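Worksheet: the structure to be examined is printed underneath.
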Amino acid sequence: MAYILQTTLTLGFVYALVALALFISYRILDIADLTTDGCYVLGMAVSVAFAYQGHPFLGIFLAIISGGLAGFVTAFLQTRLGVPSILAGIVTNTGLYTVNLMAMGWTSNIALLKKETLFTLFHNLGIGGNWSDFILVSCITLLSMLFVRWFLSTRLGLSIRATGDNRDMVRASSINPRFTITVGLVLANCFTGLCGALVGQMQKSADINAGTGIVVIGLACLIIGETIINGKKTITRNIVAVLIGNIVYRFIYAIILQTRILPIDFLKLITALIVALAIAAPTIKENAQLYNRARKEMK
Amino acid sequence: MLKIENISKSFNPGTVNETKALRGLNLNVNDGDFITILGSNGAGKSTLFNAISGNFFVDEGRIILDDQNITFMPDYKRAKWIGRLFQDPLKGTAPHMTIEENLALAYLRAGQSKTFSRISKKDEEFFCEKLKMLDMGLEDRMHTQVGTLSGGQRQALTLLMATIVPPKILLLDEHTAALDPQAADKVLSLTKKIVEENHTTCLMITHNIHQGLQTGNRSLFMADGNIILDLQEEERKTITMEEVLEKFKAGAHKDLDNDRILLSE
Ligand SMILES: Nc1ncnc2c1ncn2[C@@H]1O[C@H](COP(=O)(O)OP(=O)(O)O)[C@@H](O)[C@H]1O
Ligand SMILES: [Mg+2]
């Protein structure tokens, strides 16, 4: 039981980074950024490849940078070349498949086995014993959350928030929305890259297909969190919701895995349903109201 | 201070939907002018404002603001000097951000704030002072989301945002037309007050010919993408409505139907 709790919390905290990225792109900028899946693998590939060569720290650092670059490419496609935002993400994501393979030395899987990672090095410090992975991951995630909270209250952060809220108003304030979109997407993908990097070194492996569906899972976590922490939507509450949503999701995942009420492969379908329903909810509600009104009128 | 030379703009050129919205329009605005612009629907009034603020680049002609050629300058750069209000009070503010945050963004036009600075106590006091001038009690609601304000309040706030860093020129596109009469009066008197205090050069589109002839120091009448009548201070005082219609008709080659549109409120 303690073991399940431990993995649930650890995975909840580490994957909160992807949801944090989606919070920035989807909620703040109002852009569905489909770079996420490939960017996650990119972070993982870079981090694991460098750890394999004996540079775990450099690997994490470069994974963050690479993630940011992937975000930049997507931003460039949509702000400078007029590619619709969803398509821009898909295009980058597709191209990343090859880049990721290249980063992994043209194999689809790398295992670190006895190599040093950020996590083994931290564990050797003797802090937290069994819980050392969790402690490390939660510190990084909490710091990231604090950073995002701070960043969004700076002038630049305010302009990025306004870009998703009223783009014309941003222009009227003499700010170039191309710039704010670019900064937002770069930042978001830095966190996605970081997440892939940490998971890769923690699980001591990188797999070219590890990112499939990450974006939908991240959105599901975002929505679950927002549903649990409802009420006044402040930035702080929204960021806390990101974390709560991830922990709850990973908990459900663990329960299904343990009890085997369902084959675990069903989880992706369920996740997709959660996301589709949650995003469709306002439309469904509206249609239902219209239908009821029409029925009353027609009587 | 603003010189518009022979500008033209077509929408959907080469298609059946081609519209020549501006046809070789010339305009010379003097420093401190408060110009009202009248004309029937589709005359090209909003398009003229879009051209000045850079929503698109004109097909022909030049736009010069204080000796600087801004013809090909992107909109967000021009926004440093050009303030603008639309008919729709929702257009000028970010609804999910607070009054204070909206003002802080508008104040970025001053170009003094550092990228990573946060709203300080001093900024807050400054915004509070400015909000008091609106006399709507908004200074006590600095942390309220703008989306919860009424149309009149939002338009007044937009006016404040557009002028918190005094622009060289203020463009008002029927900015009181969507408000209830009380709020419209309030926003209009605020506009006059702010424009007067800052000696802001101002162009105001209005549908109300009486308001148009009483406000400011000069009135332009537009039809078919051009200015067909330009009335200065003295003329506006002495001219009768019949004469206005007469002159308008002569310039626009339009029948009475359009006069009615021109006169409608
Ligand atoms: N973005 C646009 N695309 C196509 N046609 C437009 C656009 N903007 C304006 N027009 C057309 O240009 C003409 C002038 O419009 P506008 O300047 O909005 O008139 P108004 O004087 O009522 O403000 C109209 O025929 C309008 O349909
Ligand atoms: Mg108009």
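By convention in this document, chain letters (A, B, ...) are assigned in the order of the sequence lines, proteins followed by strands, and residues within each chain are numbered from 1. What you see is a predicted model; the values in this text were computed from it and never measured.
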Is the count of non-hydrogen atoms from other residues, nucleotides or ligands lying under 6.0 Å from [X] atom [atom1] greater than 12?
{"X": "A/F57", "atom1": "CZ", "value": "no"}
{"X": "B/D67", "atom1": "CG", "value": "no"}
{"X": "A/F151", "atom1": "CZ", "value": "yes"}
{"X": "A/E297", "atom1": "CD", "value": "no"}
{"X": "B/E196", "atom1": "CD", "value": "no"}
{"X": "B/F126", "atom1": "CZ", "value": "yes"}

For each of [options], tally heavy-atom pairs with chain A at distances under 4.5 Å, and name the one with the top tally.
{"options": "B/A94, B/G83, B/G54", "value": "B/A94"}
{"options": "B/E101, B/M97, B/Q145", "value": "B/M97"}
{"options": "B/K91, B/M161, B/R78", "value": "B/K91"}
{"options": "B/N102, B/L90, B/I82", "value": "B/N102"}

Measure [X] against the heavy atoms of chain A and call it side chain, backbone, both or neither at under 4.5 Å.
{"X": "B/K80", "value": "both"}
{"X": "B/T115", "value": "both"}
{"X": "B/N55", "value": "neither"}

Do A/S174 side-chain atoms and B/Y76 backbone N/O form a donor-acceptor pair below 3.5 Å?
yes
Verify, without hydrogens or angle tests, whether A/R155 (side chain) and B/R118 (backbone) share a donor-acceptor contact under 3.5 angstrom.
yes
Would you give the length of the straight line joining atom NZ of B/K114 to atom OG1 of A/T154, rounded to the nearest 0.5 angstrom?
13.5 Å
Is any residue of residues 175-185 of chain A within less than 4.5 Å of chain B by heavy atoms, and which ones?
A/I175, A/N176
Do B/I119 and A/L158 pass the side-chain contact (heavy atoms from CB on, under 4.5 Å) test, and can you show the C-alpha distance, the side-chain angles, and the key distance before you say yes or no?
CA-CA 10 Å; B/I119 300 171; A/L158 285 183; 4.1 Å; yes
List the steps and the verdict of side-chain contact (heavy atoms from CB on, under 4.5 Å) for B/L108 and A/S159.
CA-CA 9 Å; B/L108 287 179; A/S159 346; 4.1 Å; yes
Any idea which heavy atoms bring B/A79 and A/A172 closest together, and the distance?
CB-O, 3.5 Å
Heavy-atom check, side chain of A/M169 versus side chain of B/L105, under 4.5 Å
yes
What's the verdict on salt bridge (charged side-chain N to carboxylate O under 4.0 Å, His left out) for B/R84 and A/D168, showing C-alpha distance, side-chain angles and the deciding distance?
CA-CA 11 Å; B/R84 190 170 185 194; A/D168 289 333; over 6 Å; no
Could you check whether the rings of B/F116 and A/W150 sit parallel, tilted or perpendicular, using 30° and 60° as the cut-offs?
parallel
Could you walk me through whether A/R161 and B/H96 pass the side-chain contact (heavy atoms from CB on, under 4.5 Å) test, one step at a time?
CA-CA 9 Å; A/R161 285 172 56 200; B/H96 295 102; over 6 Å; no
